[in-house]
Amino acid sequence: MTPLEELRHSASHILATAVLRVFPDAKLDIGPPTDTGFYYDFDLDHKFTPDDLVRIEAEMKKVADENQAFFRKEVSREEAVEIIKSRGQERYKLGRLADIPADEKISFYQNGEFIDLCAGTHVRYSSKLKAFKLLSIAGAYHRGDEKNKQLQRIYGTAFPTKDELAAYLTQLDQAKLRDHRKLGKDLKLFVIDEDVGQGLILWTPNGAIIRQELQNFISAELRKQGYSQVFTPHIGKLELYKTSGHFPYYKESQFSPVIENESLAKILAEGCSCTEVYARLDAVSAQLAAQVNARTGKETITVDRVRPDDQLLDGFMLKPMNCPHHIKIFASQPHSYRDLPVRLAEFGTVYRWEQSGELNGMTRVRGFTQDDAHLFCTEEQVAAEVLGCLSLVKIVLSTLGMSDYRVRVGLRDPDGKKFAGDPAKWDVAEAACRTAAATLGVPFTEEPGEAAFYGPKIDFVIKDMIGREWQLGTVQVDYVLPVRFDLTYIGADNQSHRPVMIHRAPFGSMERFCGVLIEHFGGDFPVWLAPEQVRLVPISDKVNEYGTTLLAQLKAAGVRASLDGHSDKLGAKIRRAELDKVPYILVLGAKEAETQSVSVRSRAKGDEGVQPFAAYLERVKSEIATRALPEKKVTTTVPSRPQGT
RNA sequence: GCCGGCGUAGCUCAAUGGUAGAGCACCUGUUUUGUAAACAGGCGGUUGCGGGUUCGAAUCCCAUCGCCGGCUCCA
């Protein structure tokens with residue numbers, strides 16, 4: 001345990017000490033340190049309120065001031081049971097005790113009147129706790145299993161010094177300013193309207209520009225790499241997804257199917273009342289849910305999310321993935337080995353029924369557009385194609401200056417049943433992914449159980465401003481769907497062969513990627529992505545006319561520009577443009593109008609002085625064409641965005 | 001979905017049982033401005049929605065929708 005972890009672990013014991021003083025009935029579960037602090041889980045009828053947090057924190061300060069020593073006590077299993085019982089903590093602690101392997105030592109740590117089953121280690125004295133703060137209350141299932149009771153978790157953080165704690169809290173506040181949900185509102189990039197629906201992104205004009213530019217960028221790269229563009233509809237028949245295996249494997253996280261009018265009419269013609277229709281649907285659904293749960297070994301499918309079955313009804317589903325559609329395009333004509341690889345690309349919009357509590361701004365939504373593509377190749381081509389996909393991801397991320405990501409190789413869960421197909425093929429595919437990931441030059445982790453049900457994958461994972469990880473790009477090898485759809489090509493031997501599929505999406509989804517991108521740039525987008533690239537600011541309306549001619553020239557050159565024609569003073573116009581995070585402000589006065597020049601103020605450097613307009617135009621055009629990254633901001637005191645703007 | 005917190009004007013927030021307010025944004029007028037906020041006036045809310053308690057509800061209670069933080073989940 002590092003010294004910081006030790007400090008935080010001790011803080012969690014002191015938290016429990018304080019909670020028991022204030023609420024003696026609380027039952028304790030566990031309280032470990034985390035990357036950013038610590039928590040402790042309690043079971044208590046009384047629901048903690050924010051006011052309780054204040055009381056508990058005050059009590060923790062007292063405990064710290066009491067300068068309690070931490071003692072380690074090694075005991076036999078029998079003694080451990082006795083201690084736990086004597087404290088009335090058998091509800092969870094006996095279970096935790098049972099987790100400790102027979103050959104391991106059992107230890108308790110005691111500070112003052114508090115004693116807890118604990119492997120350690122701890123600080124020597126509670127007075128070491130000089131800088132801590134309780135942050136939030138949350139529900140957390142015992143042992144992380146939603147079938148268990150939900151406990152109350154108190155989160156806090158602790159640092160060796162008050163300055164470090166203050167710095168961390170400031171950093172948290174700073175991060176909130178870069179939150180894509182806040183910037184999305186301030187910069188008018190997207191909205192979510194509750195009448196349209198939770199988790200459904202409405203791209204407003206500014207956000208749409210960013211998305212469009214990204215799509216143009218990726219499309220150009222795809223053309224270079226020999227991809228073919230396709231378009232497919234947003235729905236497909238239930239049968240299609242039964243063939244692919246998405247339905248019912250993932251039925252719980254799909255929108256309910258759209259029932260065909262004819263099927264609906266048939267049922268109604270039988271004279272069923274509405275309640276009877278629902279009863280029939282429920283009966284079939286229950287049966288189906290039971291089947292699926294038996295197969296997966298989990299009770300994850302609930303009847304109400306499993307509505308019409310095809311034995312009863314025909315229907316269409318909002319597509320949860322694009323692959324079945326692309327597969328049908330591939331299968332629509334015979335293929336020779338000479339044609340392969342076939343690479344079909346589409347910005348395909350898919351819909352998934354995410355749990356309401358999991359929705360989050362643009363990063364977790366119910367409808368999203370993947371920059372999707374499916375590659376159909378021979379087994380020999382797999383390794384090279386995976387590498388090609390990875391290089392594409394690298395191009396995308398490096399063009400955007402995103403280097404702070406990690407790579408995860410998702411392998412099948414050896415004990416799980418949530419994978420389909422031949423284990424031998426999985427081994428080959430997993431080896432191919434591992435080899436490909438190794439060539440990236442980025443550290444990667446192998447994570448069993450993180451595979452898709454049809455094959456292993458390589459994911460790119462990035463953290464958001466508050467430290468939550470999101471999966472972006474992904475490359476997945478698939479030996480299963482070609483079998484399910486009986487895909488073939490004719491080899492050089494004139495025999496029919498099975499192609500291998502690769503699924504890949506370098507951005508993941510446009511929604512999530514843009515959300516992460518907003519936070520990555522803090523709203524200061526590179527010029528090629530900025531919704532507004534140039535703001536013309538005439539000093540007085542006497543030069544508005546000059547501004548108008550420049551605006552026309554900028555627009556003719558394809559530069560997104562506008563003119564601030566308000567009758568405000570210069571400072572106010574500059575302030576407005578800065579808050580809108582426009583990369584270039586061109587100040588225009590009488591001098592500039594006479595000499596066909598502009599006074600350039602860049603977002604990065606501030607006032608750059610006067611230069612000929614023609615020269616500036618070339619400069620900004622080239623910056624756009626090369627997709628230049630923003631220069632690092634010269635640090636000045638930037639006033640925080642005020643209320644009301 | 002679960003636990004907890006929160007929903008007041010376009011935005012950020014006041015008003016703790018007694019006439020819903022401020023700043024900014026927006027509109028109008030004055031001002032014609034040299035690198036982050038000129039001045040004055042005006043417009044704007046059935047306090048998320050629906051019930052209830054009360055002489056009286058933004059405020060208290062119930063229900064519902066949504067948002068936030070976690071947990072669970074994430075093809």
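Predicted, not measured: the structure shown is a model, and the values here were computed from it. Below, chains carry the letters A, B, ... as their sequence lines are ordered, and counting in each starts from 1.
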How many whole angstroms separate atom [atom1] of [X] from atom [atom2] of [N]?
X	N	atom1	atom2	value
A/K47	B/C3	NZ	P	8 Å
A/Y241	B/A75	OH	P	17 Å
A/L588	B/U32	CG	P	20 Å
A/D580	B/A36	CG	P	16 Å
A/Q355	B/G1	CD	P	8 Å
A/K185	B/G7	NZ	P	14 Å
A/L172	B/G69	CG	P	12 Å

Under a 3.5 Å cut-off for both contacts, is B/C67 paired Watson-Crick or G-U wobble with anything, and if yes, with which nucleotide?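 B/C67 is paired with B/G5.
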Pairs: protein N or O with nucleotides 62-68 of chain B N or O, under 3.5 Å:
residue, atom, partner, partner atom, Å
B/C65, O2', A/E194, OE2, 3.2
B/G66, OP1, A/Q198, OE1, 3.2
B/C67, OP2, A/Q198, NE2, 2.7
B/C68, OP1, A/R181, NH1, 3.3

I would like to know whether A/F132 and A/F38 meet ring pair (Phe, Tyr, Trp, His ring centres under 6.0 Å); could you show each step before the answer? CA-CA 10 Å; A/F132 57 85; A/F38 62 89; 7.6 Å; no
Would A/F23 and A/F42 count as a close aromatic pair, with their ring centres under 6.0 Å?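 For A/F23 and A/F42, the ring centres are not under 6.0 Å apart.
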Distance flag, aromatic centroids of A/F330 and A/H374, threshold under 6.0 Å: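 Between A/F330 and A/H374, which both carry aromatic rings, the centre distance is not below 6.0 Å.
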How many angstroms lie between atom NE2 of A/H180 and atom SG of A/C514, to the nearest 0.5 angstrom?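 Rounded to the nearest 0.5 Å, the NE2-SG separation comes out at 10.0 Å.
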Answer whether the closest heavy-atom distance between the side chains of A/D478 and A/V500 falls below 4.5 Å.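 Side chain of A/D478 against side chain of A/V500, heavy atoms only: no contact under 4.5 Å found.
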Can you check whether A/V516 reaches A/E519 side chain to side chain, under 4.5 Å on heavy atoms?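 Answer no - side chains too far apart.
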Would the base of [N] count as contacting [X] through its side chain, where contact means a donor and an acceptor less than 3.5 Å apart?
X	N	answer
A/E592	B/G34	yes
A/R364	B/C74	yes
A/S567	B/U31	yes
A/Y141	B/G70	no
A/R601	B/A36	yes

Take atom CG in A/D35; do more than 12 heavy atoms of anything else shown fall under 6.0 Å from it?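 Check fails, neighbour count at 12 or below.
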For A/A590, report the nucleic acid contact type (base, sugar-phosphate, nothing); a contact means any heavy atom under 4.0 Å.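 Base contact.
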Could you give the distance separating B/G21 and B/C43 at their C1' atoms, to the nearest angstrom?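 The same atom, C1', in both gives a distance of 16 Å.
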Taking atom P in both B/C62 and B/G69, what distance in whole Å separates the two?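 It works out to 26 Å between them.
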